[in-house]
Amino acid sequence: PFLAVSLLLFGLGFWMADVMGDSIVAEKAKLEPPECRGSIQSSCYSYRFFGLMAAAPLSTYIYTAFGPYYVLLLLTILPLCILPFVFML
């Protein structure tokens, strides 16, 4: 049950962070000059896609080699490392 609850909470947190991130990007995109409008949004979506494509095989390898504990550990530590950069926006 602990693993299931942990993954559920991670999914809910990821969903909320995704919605909040999209709203921040949409607000920042309004400030772009008309000739390059949409470049912030396309860059953010391409970075997100690349991150998900890199994370899927990496997490599969870590899960196979070390077990679910280390996958959950990374899922908690990495967002905390990014947190200070959020306040620089």
Side-chain angles (χ1 to χ4, degrees):
F2 175 73
L3 180 62
V5 171
S6 298
L7 290 174
L8 174 70
L9 292 176
F10 167 74
L12 287 173
F14 191 80
W15 173 59
M16 290 178 64
D18 183 49
V19 170
M20 289 186 280
D22 284 343
S23 65
I24 290 172
V25 169
E27 288 298 316
K28 292 284 187 178
K30 290 179 184 177
L31 304 174
E32 283 184 305
E35 59 270 3
C36 65
R37 187 150 297 172
S39 64
I40 290 178
Q41 287 178 312
S42 62
S43 296
C44 288
Y45 290 134
S46 62
Y47 296 149
R48 182 191 306 169
F49 177 76
F50 175 75
L52 289 172
M53 291 300 105
L58 181 64
S59 63
T60 302
Y61 170 74
I62 293 172
Y63 183 84
T64 303
F66 303 108
Y69 175 77
Y70 289 101
V71 174
L72 291 175
L73 188 67
L74 284 174
L75 290 175
T76 56
I77 291 175
L78 290 177
L80 291 176
C81 294
I82 298 170
L83 191 61
F85 297 109
V86 172
F87 294 105
M88 293 181 184
L89 291 176

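The chain is numbered in sequence order, starting from 1.
Partners of Phe14 by ring-ring contact (aromatic ring centres under 6.0 Å, His included), not counting sequence neighbours, listed by chain and number: Phe10. For Pro33, the side-chain contact (heavy atoms from CB on, under 4.5 Å) criterion is met by Glu35, Cys36, not counting sequence neighbours. With sequence neighbours excluded, the residues satisfying side-chain contact (heavy atoms from CB on, under 4.5 Å) with Ala29 are Glu32, Gln41. Applying the side-chain contact (heavy atoms from CB on, under 4.5 Å) test to Leu8 and every residue at least two apart in sequence or in another chain returns Leu12. In this structure Ser43 satisfies the side-chain hydrogen bond (donor to acceptor under 3.5 Å, both in side chains) test with no other residue, sequence neighbours excluded.
Applying the salt bridge (Lys or Arg N to Asp or Glu O under 4.0 Å) test to residues at least two apart or on different chains, none of the pairs has a partner in residues 61-76. Residue pairs meeting the side chain to side chain donor-acceptor pair (under 3.5 Å) criterion with at least one partner in residues 65-84, sequence neighbours excluded, are absent. Listed by first and then second residue, the salt bridge (Lys or Arg N to Asp or Glu O under 4.0 Å) pairs involving residues 40-62 are Asp18-Arg48, Asp22-Arg48 (not counting sequence neighbours). Among pairs with a residue in residues 25-57, none fulfils ring pair (Phe, Tyr, Trp, His ring centres under 6.0 Å), at least two apart in sequence or across chains.
Membership of the apolar cluster around Val5 extends to Leu9, as traced through chained side-chain contacts below 4.5 Å between ILVMFWY residues. Alongside Val25, the hydrophobic cluster contains Ile40 (criterion: ILVMFWY side chains under 4.5 Å).
In terms of hydrophobic clustering, with Ile, Leu, Val, Met, Phe, Trp and Tyr side chains grouped at heavy-atom distances under 4.5 Å, Leu72 and Leu52 are assigned to a common cluster.
Heavy atoms of other residues, nucleotides or ligands lying less than 6.0 angstrom from CE of Met16 number 12 at most.
For the atom pair Phe66 CZ and Leu73 CG, the distance stands at 12.0 Å (nearest 0.5 Å). Once rounded to the nearest 0.5 Å, the distance linking CG of Leu75 with CG of Leu80 reads 11.0 Å.
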Would you list the atom pairs, donor with acceptor, under 3.5 Å between side chains in residues 54-65 and any protein atom, with sequence neighbours excluded?
| from | atom 1 | to | atom 2 | distance (Å) |
| --- | --- | --- | --- | --- |
| Ser59 | OG | Ala55 | O | 2.9 |
| Ser59 | OG | Ala56 | O | 3.1 |
| Thr60 | OG1 | Ala56 | O | 2.8 |
| Thr64 | OG1 | Thr60 | O | 2.9 |

